[in-house]
Novice: 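Quick one: the structure is below, questions incoming.
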Amino acid sequence: QMQLVESGGGLVQPGGSLRLSCAASGFTLDYYAIGWFRQAPGKEREGVSCISSRDSSIYYADSVKGRFTISRDNAKNTVYLQMNSLKPEDTAVYYCATDENFPACPAMLRHADFTSWGQGTQVTVSS
């Protein structure tokens with residue numbers, strides 16, 4: 001069973017930074033693509049970033065490109081999302097997700113395609 005647990009969310013001022021963690025259990029994270037998604041109140045869940053197995057490809061949504069960095073620590077079976085220059089519009093619940101059918105990030109990062117999800121971690125950017 002693929003289990004994911006997010007952590008690292010919190011309240012930060014605009015321009016600040018946070019690092020989210022996605023810890024995996026029940027499977028070897030390096031064999032699968034891991035996606036980060038976020039959902040703000042009243043909005044659809046959107047794809048933020050994705051890292052393929054063996055780090056063979058990385059994707060960022062235009063809204064976070066240049067500010068967010070996804071990475072993986074295989075020894076800890078964990079994927080990270082470093083978020084810098086945070087904006088109020090980044091406020092959302094952030095989720096990591098994976099699927100046994102995706103060794104590589106899909107061409108379209110759609111939440112409906114991913115079947116294993118963490119519980120989410122709240123990120124609030126506010127002064």
Side-chain angles (χ1 to χ4, degrees):
Q1 186 177 3
M2 303 175 111
Q3 294 186 323
L4 299 168
V5 178
E6 303 95 335
S7 61
L11 173 64
V12 63
Q13 292 187 341
S17 298
L18 283 174
R19 188 178 77 159
L20 305 184
S21 299
C22 173
S25 62
F27 69 105
T28 301
L29 186 145
D30 191 38
Y31 294 163
Y32 300 95
I34 303 295
W36 279 100
F37 295 79
R38 66 185 181 187
Q39 188 165 20
K43 293 189 176 181
E44 281 197 21
R45 193 168 296 189
E46 64 170 345
V48 173
S49 183
C50 185
I51 185 167
S52 295
S53 62
R54 316 291 189 199
D55 300 353
S56 55
S57 65
I58 288 177
Y59 162 87
Y60 296 103
D62 287 342
S63 57
V64 306
K65 204 170 291 184
R67 299 188 298 123
F68 290 11
T69 302
I70 193 170
S71 63
R72 158 196 326 260
D73 184 335
N74 293 332
K76 296 183 178 180
N77 216 29
T78 300
V79 165
Y80 301 100
L81 186 67
Q82 178 67 43
M83 306 187 298
N84 298 329
S85 303
L86 283 162
K87 305 175 181 180
E89 51 263 45
D90 294 317
T91 295
V93 178
Y94 283 71
Y95 302 87
C96 61
T98 191
D99 189 279
E100 61 183 5
N101 295 312
F102 292 153
C105 297
M108 298 288 291
L109 198 58
R110 300 180 302 193
H111 64 87
D113 293 333
F114 287 74
T115 57
S116 296
W117 291 83
Q119 82 289 350
T121 185
Q122 176 71 47
V123 172
T124 303
V125 185
S126 174
S127 55

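Every value quoted in this text rests on a predicted model; they were computed, and no experiment measured them.
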Novice: Is the closest side-chain heavy-atom distance between His111 and Gln39 below 4.5 Å?
Specialist: no

Novice: Check the hydrophobic clustering (I, L, V, M, F, W, Y; side-chain heavy atoms under 4.5 Å; chains of links allowed) and say if Val64 and Ile51 are grouped together.
Specialist: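 Yes, one cluster joins them.
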
Novice: Quick one: closest heavy-atom pair of Arg72 and Ser52, and the distance?
Specialist: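 Here Arg72 and Ser52 meet closest at NH2-O, 2.6 Å.
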
Novice: Can you give me the closest heavy-atom contact between Gln119 and Val5, atom names plus distance?
Specialist: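 Scanning both residues completely, I find the closest heavy atoms to be OE1-CA, 3.7 Å.
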
Novice: Can you confirm whether the side chains of Thr115 and Asp99 place a donor and an acceptor under 3.5 Å from each other?
Specialist: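 Indeed, the side chains of Thr115 and Asp99 share at least one donor-acceptor pair under 3.5 Å.
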
Novice: In Å, rounded to the nearest 0.5 Å, how long is the span from OG1 of Thr91 to CD of Gln122?
Specialist: 7.5 Å

Novice: Show me the donor-acceptor pairs, under 3.5 Å and distance only, between side chains in residues 29-37 and residues at least two apart or in other chains.
Specialist:
from: Asp30; atom 1: OD1; to: Arg54; atom 2: N; distance (Å): 3.3
from: Asp30; atom 1: OD2; to: Arg54; atom 2: NH1; distance (Å): 2.9

Novice: Counting only heavy atoms not in Glu100 (residues, nucleotides, ligands), do more than 12 fall under 6.0 Å from its CD?
Specialist: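 Count not over threshold, so no.
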
Novice: Please confirm whether the ring centroid of Phe68 lies under 6.0 Å from the ring centroid of Tyr60.
Specialist: no

Novice: Output the distance between atom CG (Asp90) and atom OG (Ser85), rounded to the nearest 0.5 Å.
Specialist: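 Here the rounded value is 9.5 Å.
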
Novice: How far apart are the closest heavy atoms of Ser126 and Pro14, and which atoms are they?
Specialist: C-CD, 3.6 Å

Novice: When rounded to the nearest 0.5 angstrom, what distance separates OH in Tyr80 from OG in Ser49?
Specialist: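 Taking OH in Tyr80 and OG in Ser49, the distance rounds to 15.0 Å.
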
Novice: Run the salt-bridge test on Asp62 and Lys65 with the 4.0 Å N-O cut-off and return the result as yes or no.
Specialist: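 Yes, charged N to carboxylate O under 4.0 Å.
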
Novice: Is there a continuous path of hydrophobic side-chain contacts, each under 4.5 Å between heavy atoms, that joins Leu81 to Leu86?
Specialist: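 Linked, Leu81 and Leu86 end up in one cluster.
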
Novice: Quick check against the 3.5 Å criterion: does Ser127 have a side-chain atom that pairs as donor or acceptor with the backbone of Gln13?
Specialist: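 Side chain of Ser127 to backbone of Gln13: no pair is present.
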
Novice: What's the spacing between Glu6 CD and Tyr94 OH if we round to 0.5 Å?
Specialist: 12.5 Å

Novice: Please list every donor-acceptor pair under 3.5 Å in which a side-chain atom of residues 16-27 meets a protein atom from a residue at least two apart or in another chain.
Specialist:
from: Ser17; atom 1: OG; to: Asn84; atom 2: OD1; distance (Å): 2.9
from: Ser25; atom 1: OG; to: Gln3; atom 2: OE1; distance (Å): 3.4

Novice: Specify the closest pair of heavy atoms between Leu109 and Cys50, including all atoms of both residues, with the distance to one decimal.
Specialist: CD1-CB, 3.8 Å

Novice: Is it true that Trp117 and Val123 fall in one hydrophobic cluster, defined by side-chain heavy atoms closer than 4.5 Å?
Specialist: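 Looking at the clustering, Val123 is in a separate group from Trp117.
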
Novice: Is the CD atom of Glu89 crowded by more than 12 outside heavy atoms at less than 6.0 Å?
Specialist: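 More than 12 heavy atoms, drawn from other residues, nucleotides or ligands, come within 6.0 Å of this atom.
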
Novice: Considering non-hydrogen atoms only, spot the tightest contact between Gly118 and Tyr95 and give its length.
Specialist: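 Looking at all heavy atoms of both residues, the closest pair is O-CD2, 3.7 Å.
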
Novice: Side-chain heavy atoms under 4.5 angstrom apart, residues restricted to Ile, Leu, Val, Met, Phe, Trp, Tyr: same cluster for Met83 and Val125?
Specialist: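 As far as the 4.5 Å side-chain criterion goes, Val125 and Met83 are connected within one cluster.
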
